[in-house]
Structure formats: C-alpha cells, structure tokens
Amino acid sequence: MERSLIKDVLAEQRFGEPSRVCGWVRTKRESKGFVFLALSDGSSQDTLQIIVFPEAPAFRELHRCNTGAAICAKGILRESPAKGQSIELEATDIVVVGEVDQATYPLQKKGHSLEFLREIGHLRPRTNTFGAVFRLRNILAAGVHDFFQARGFLWVHTPIITSSDCEGAGDLFTVTTLDLRNVPKKDSGEVDFSGDFFGTRAYLTVSGQLEAEFLALSLGRVYTFGPTFRAENSNTTRHLSEFWMIEPEMAFADLDDDITLAEEFFRFLCREVLEKGHRELSFLESHYKKISCDELRKLAETPFVRMTYTDAVRELRAANERFEFPVSWGSDLQSEHERYLTDKVVNGPLVITDYPKEIKAFYMKQNPDGKTVAAMDVLVPKVGEIIGGSQREDRLDVLAQRMSEVGISIENLRWYLDLRRFGTVPHAGFGLGFERLVQFVTGMANIRDVIPCPRAPRAIRL
RNA sequence: UCCUGGGUAGCUCAGCCGGCAGAGCGGGUGGCUGUUAACCACUUGGUCGGGGGUUCGAAUCCCUCCCCAGGAGCCA
C-alpha cells in the first residue's frame, strides 16, 4: 500500500478507508486494553493518533515503538470518539523501521530548553518547535520566489567566492589552498597570494549586490537569494557568520520605488505565512508568546511609517527617555534608539531614509543637499534592522569622487564604474537577511534557532 | 571583543557565609477499558565544567582556563 502523508490524512478525513503512514513516534500512552501512539512524519504540525488493540498483530510490535522510533503503520482510518482529534488510525500492522534505545535517546516527551536542543542540532527538527520553524522557513523561502517571479524579476546566481573585498570594511573569510604550514610571504611580510589557487586573494562573499547591479543593468529586474558570509566576531542573538540574503536590484528605479518594493515584499510574506503556516504560527504563539497571528495580520495590512534620518534624530532628542548613548546628527542610530522608534513611537515597522553619507556605503546615491544619501533601513520591533537598501550612485564622476574619498581602489572596480560609463541608469535595491525575517515571523528569540546548522564564532559543530 | 549571569543525575534546577550529593521530570518495572507532554505505585540514576591552590575537610572560598546564555559594539 502506498504511503500517505499525515498532512493529507488529517486534511482529507477519509473515515473507514485503509491507510498506511510512516514517521517517528512522539509519545506512547499505554492502557491495559489499548495503546495510543502519536506519530509525526514532518509533513504537518499535528501528529496522527494511532490506536492499537490487543487483538491486532501490531500489538506485538508495540514494545519497540518508543519515543523516537521510526515506524510504518497500516490500518483503517476511524472517527475519533475522544476529544483532541477528529481522526485516528486503528492499526492492524506495524513495521518498526528503526528502533530507539530509550536510555540514551536525548529527546523526551516533555519539553526541552532551546539551549539544550542547540547541542543536538541533528535531532531538534523532530521537536514541535523546530518542525514549526523549519516549515515556516520553507514557506517564506518559496514565498520569496513567488513574489519576485510574479513581478518579472529574474533569480540570478552571484558568486560565493569573490576577489572583491571592498563592500564595507566588514571582515571577510579568506578562501585559500596555500599550504598553511608554509605560507609564502612578500618582502614586506604580507602573505603572497600570487601562487594561490586564483593567483590573487579570494574571499567568501559578503553580498551579491555589486554583481546584481550589472545583471540589473542588462536584465532589468533581478534578485539574489543565497548564502553570504561575515567573519565578524559578533556574539549576539541577531548575527550569524553564514546567513542567507535576498537582494533585489531594479533598473529605472529610485529610492521611493525601492521602499515600495520592500514594503510590498514584507507584507506579501506576512500574508503567505498566515495562509500556509497557520498551524505552525499558532503553535509558536501558544508556546512562546513572542509572536501573534493578529500582529502579523495587522502588519500585512498597514503601510510602513516613513521617516527621514534627520526627523528620527529630532524625534529621539525630543524624547523623554534616558538613552545610554547620546543622539546627535551624523552618528549612527544605536539599537536602543531604533527600539525606541519601532516599539514606542510607531509601534510597528519603520523606514528611515536619507542617512548622512559618512555612515553609509560608497555606492549610495548622494542627495542634492550634499550631506545625505538616498538610503533606507527597514526596522521592525524586537529584531531591529531587517532590510537595508538604497538608490545607487549612477553618476560616474560622483561615484569615482566618492570612492577616492573613502579610499576604495578604482582599478579593482573598473567594471563597476563601466556600468556608469556605458548606458548608466537610475537603479536601486535592498538586502534582506533571510534569517532575521524568519526570526521575526516565528518569534524565535535567537537567530541560531531559525537555521538548521548555525555558524557563529567558535560554533560550527554540525 | 567588552559587560553581566551561569556550568551539580539524561533534562530543568535546589544546595554555595566549608562538615554524609538532593528534588521534579525522563528511563526501567508493575497497575489502569479512550488517552492527549495521560495517570498511580515502586525503582534507577553523579568525574558537582577542566586544572591548580587554601584547609583536618571544598559542589561551597581563591586563581586560571574552557563552555553556555543575555546585553553592547559591528551589521543583515
């Protein structure tokens, strides 16, 4: 008999029909006259209840059907007479596929702390919580593609290994095949990469934006969705060394178009997750109380509040609030400032625009005032910055001038300047940290709990 | 990297102004005619993070290293 997914069995409610399901036992509850199993196969948040009576051949296998065991159960679907579920499988036959030694199996029926589950990353997807998180992550990932594909954006694949080290001054991972026991050095004492695999120093990418720009300036509308890497020694609940980023880039677009895109994108994903991940959201809401479906529904409907950096500074200086760090025009907003604005002033997502050029990247378009750039950050309550974007500087002379001001080699980025030399066009885009989005939607407090194998300083166990 | 709090049974934690290593949960065994992270009874379980020091005696006090969590910086 063909195997059914528990998701379908629960949805279709085919009482009286035969069925065969396979999965892992969550709990076993034994009485004298019958035994209940709760079975999960990962296809849904809900388990399927299996009942076994002593007369059934399956009964003889029950001593091996402990928490965590992999089994296939065959029987007839019945209407459940008790509260808690409407359908259950009355099993006639059970095949134990993989047994579990109860004494050493780390997952028990009772809940575990997220910290403990982080130590057993290969088993934590079997829990309610991580099953919910990873199913929601999938809904969001699929939603990203649905959103952009429906709007004529091309998914482009920018490189993971790159020679470009100039996007911000962030720390990069070096990729090398040099013999680490005998590293060649120049006379100056610096490492000589000329004999390395690529003949020059190579890195793991920190962003696909620069490459996405040349693709947008030929294909029109593109987006990247792939892994990026930061070697920063950040130990926080919001940072990973390896994370997935989404970076759309649009030709013939300005900052306003960029913000509109970001807003529609974010709200679309809220709707997707409400529609397709309702059971998962409800579970997380009831167990962690960090996110609510009502909240997401509201977000899916209300427009973002827009505020210039200058206005934000004015708002913060007028605030009747003691900040640890002073607020002054020209310095970047601190976490506490952002949190005050999102949680107390607007109580929802906020877009801050037109930052001072000194605190933003060299490629952002300078505004007519000569002091600010056409940049935008989307801040959401609890998580903070989730999207950072800008209109790009499309004037050759202004861009070249800015690059020399901040000390970026024009020689290495000749190709990037070519885009302004040959058929330049106003264009804009943004970057969204996928894990922060998953974090926001699931309400998980630590970003390490929304990716299967989190990478962070001194953390690469699994 | 900095600040703060932690590390004791498989898990969650109590014990910490020095004096016999504890509880709940889990695991095991038995019971129970519709259970829902079932329930009841009995039972099992320890390198007190590692190393060093003080002391008659250290889970407890001191030094040091490692690890974990939260906050900060950096950012997405």
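Below, read A as the first sequence line, B as the second, and so on, with proteins coming before strands; counting in each chain starts at 1.
- The aromatic rings of Phe53(A) and Phe34(A) sit perpendicular, their planes meeting at an angle over 60°, well past the 30° parallel limit.
- Below the 3.5 angstrom threshold, one finds a donor paired with an acceptor across the side chain of Gln49(A) and the base of U35(B).
- A salt bridge does not link Glu17(A) to Arg78(A): none of the charged side-chain nitrogens sits closer than 4.0 Å to a carboxylate oxygen.
- G71(B) and A14(B) have their C1' atoms separated by 27 Å, given to the nearest Å.
- Residue-level contact check: Glu30(A) touches the bases, meaning some heavy atom is under 4.0 Å from a base atom.
- Classified by interplanar angle (parallel below 30°, tilted 30° to 60°, perpendicular above 60°), the ring pair Tyr223(A)/Phe153(A) is perpendicular.
- Residue-to-nucleotide contacts include a donor-acceptor pair under 3.5 Å from the side chain of His239(A) to the base of C75(B).
- Base engagement by Glu88(A) is indicated by at least one non-hydrogen atom pair under 4.0 Å involving a base atom.
- Place Leu107(A) and Gly431(A) on RNA chain B by their nearest nucleotides, and Leu107(A) ends up nearer the 5' end.
- In summary, Arg124(A) and Asp449(A) engage in a salt bridge, as defined by a charged side-chain N under 4.0 Å from a carboxylate O.
- When rounded to the nearest whole Å, the span between CD of Glu324(A) and P of U4(B) equals 13 Å.
- Residue Ser31(A) is in base contact, counting any heavy-atom pair closer than 4.0 Å across all strands shown.
- When the C1' atom is used for both U8(B) and G22(B), the distance is 10 Å, rounded to whole Å.
- Counting non-hydrogen atoms under 4.0 angstrom, Phe116(A) reaches the backbone sugars and phosphates but no base.
- When Watson-Crick and G-U wobble pairs are counted only if both distances are under 3.5 Å, U1(B) pairs with A72(B).
- Ion pairing between Arg238(A) and Glu435(A) fails under the 4.0 Å rule for side-chain N and carboxylate O.
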**Request:** Check the pair Thr129(A), Tyr288(A) against side-chain hydrogen bond (donor to acceptor under 3.5 Å, both in side chains), reporting the backbone distance first and the verdict last.
**Result:** CA-CA 10 Å; Thr129(A) 297; Tyr288(A) 296 96; 2.8 Å; yes

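- Regarding Asn233(A), its CG atom lies at a distance of 16 Å from the P atom of A72(B), rounded to whole Å.
- Ile451(A) places its CD1 atom 13 Å from the C1' atom of A76(B), with the value rounded to the nearest Å.
- Nucleotide A41(B): paired with U29(B) (Watson-Crick or G-U wobble, both distances less than 3.5 Å).
- Using a 4.0 Å cut-off between a side-chain N of Lys or Arg and a carboxylate O of Asp or Glu, Glu405(A) and Arg402(A) qualify as a salt bridge.
- A distance of about 33 Å separates the C1' atoms of C48(B) and C40(B), rounded to the whole Å.
- Considering only the side chain of Phe34(A), U33(B) comes nearest among A76(B), U33(B), U35(B).
- Rounded to whole Å, atom P of U33(B) lies 14 Å from atom CD of Glu55(A).
- With P as the reference atom, G46(B) and A9(B) are 10 Å apart, rounded to whole Å.
- Residue whose closest nucleotide on RNA chain B sits further toward the 5' end, between Phe53(A) and Met245(A): Phe53(A).
- Using cut-offs of 30° and 60° on the angle between ring planes, the pair Trp244(A) and Phe225(A) is perpendicular.
- Side-chain proximity of Arg230(A) to the nucleotides C32(B), A76(B), G73(B) is greatest for A76(B).
- One finds no side-chain N or O of Gln108(A) lying less than 4.0 angstrom from the OP1 or OP2 phosphate oxygen of C25(B).
- At the heavy-atom level, Pro81(A) lies under 4.0 Å from base atoms of the strands shown.
- Nucleotide G57(B) forms no Watson-Crick or G-U wobble pair with any nucleotide shown, as no partner meets the under 3.5 Å limit on both distances.
- Heavy atoms of Gln85(A) sit under 4.0 angstrom from at least one base atom.
- Spacing of C1' atoms, G24(B) relative to C20(B), comes out at 22 Å, to the nearest Å.
- When both pairing distances are held under 3.5 Å, A9(B) makes no Watson-Crick or G-U pair with any nucleotide shown.
- Between the base of G34(B) and the side chain of Ser80(A) there is a donor-acceptor pair shorter than 3.5 Å.
- Atom pair Tyr105(A):OH and G10(B):P shows a separation of 18 Å (rounding to whole Å applied).
- OP1 or OP2 of G73(B) lies within a sub-4.0 Å distance of a side-chain N or O belonging to Ser335(A).
- Taking atom C1' in both G31(B) and U12(B), one finds a spacing of 28 Å when rounded to whole Å.
- Which of G34(B), G73(B), C32(B) sits closest to the side chain of Ser234(A) comes down to G73(B).
- You'll find that the side chain of Ser113(A) is closest to U12(B), out of U12(B), G27(B), A76(B).
- With contacts defined as side-chain heavy-atom distances shorter than 4.5 Å, the pair Ser390(A)/Phe430(A) does not qualify.
- Judged by Watson-Crick or G-U wobble contacts below 3.5 Å, the nucleotide U47(B) has no partner.
- Salt-bridge formation is detected for the pair Lys360(A)/Asp377(A): a Lys NZ or Arg NE/NH1/NH2 atom is positioned less than 4.0 Å from an Asp or Glu carboxylate oxygen.
- When heavy atoms are screened at a 4.0 angstrom cut-off, Ile387(A) is found touching the sugar-phosphate backbone but no base atom.
- The same atom, C1', is picked in A59(B) and in G27(B); the two are 25 Å apart, to the nearest Å.
- Across G34(B), G27(B), C32(B), the shortest atom-to-atom separation from the side chain of Ala82(A) is found for G34(B).
- Remark: aromatic rings of Tyr340(A) and Phe323(A) are close, center separation under 6.0 Å.
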**Fill in**
Letter by letter from the 5' end, nucleotides 66-71 of chain B scores (B base, S sugar-phosphate only, - none; protein heavy atoms under 4.0 Å) -S-SSB

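- Summarising the geometry, the separation between NZ on Lys32(A) and P on G30(B) is reported as 13 Å, rounded to the nearest angstrom.
- Distance noted for atom P between U43(B) and G53(B): 42 Å (whole Å).
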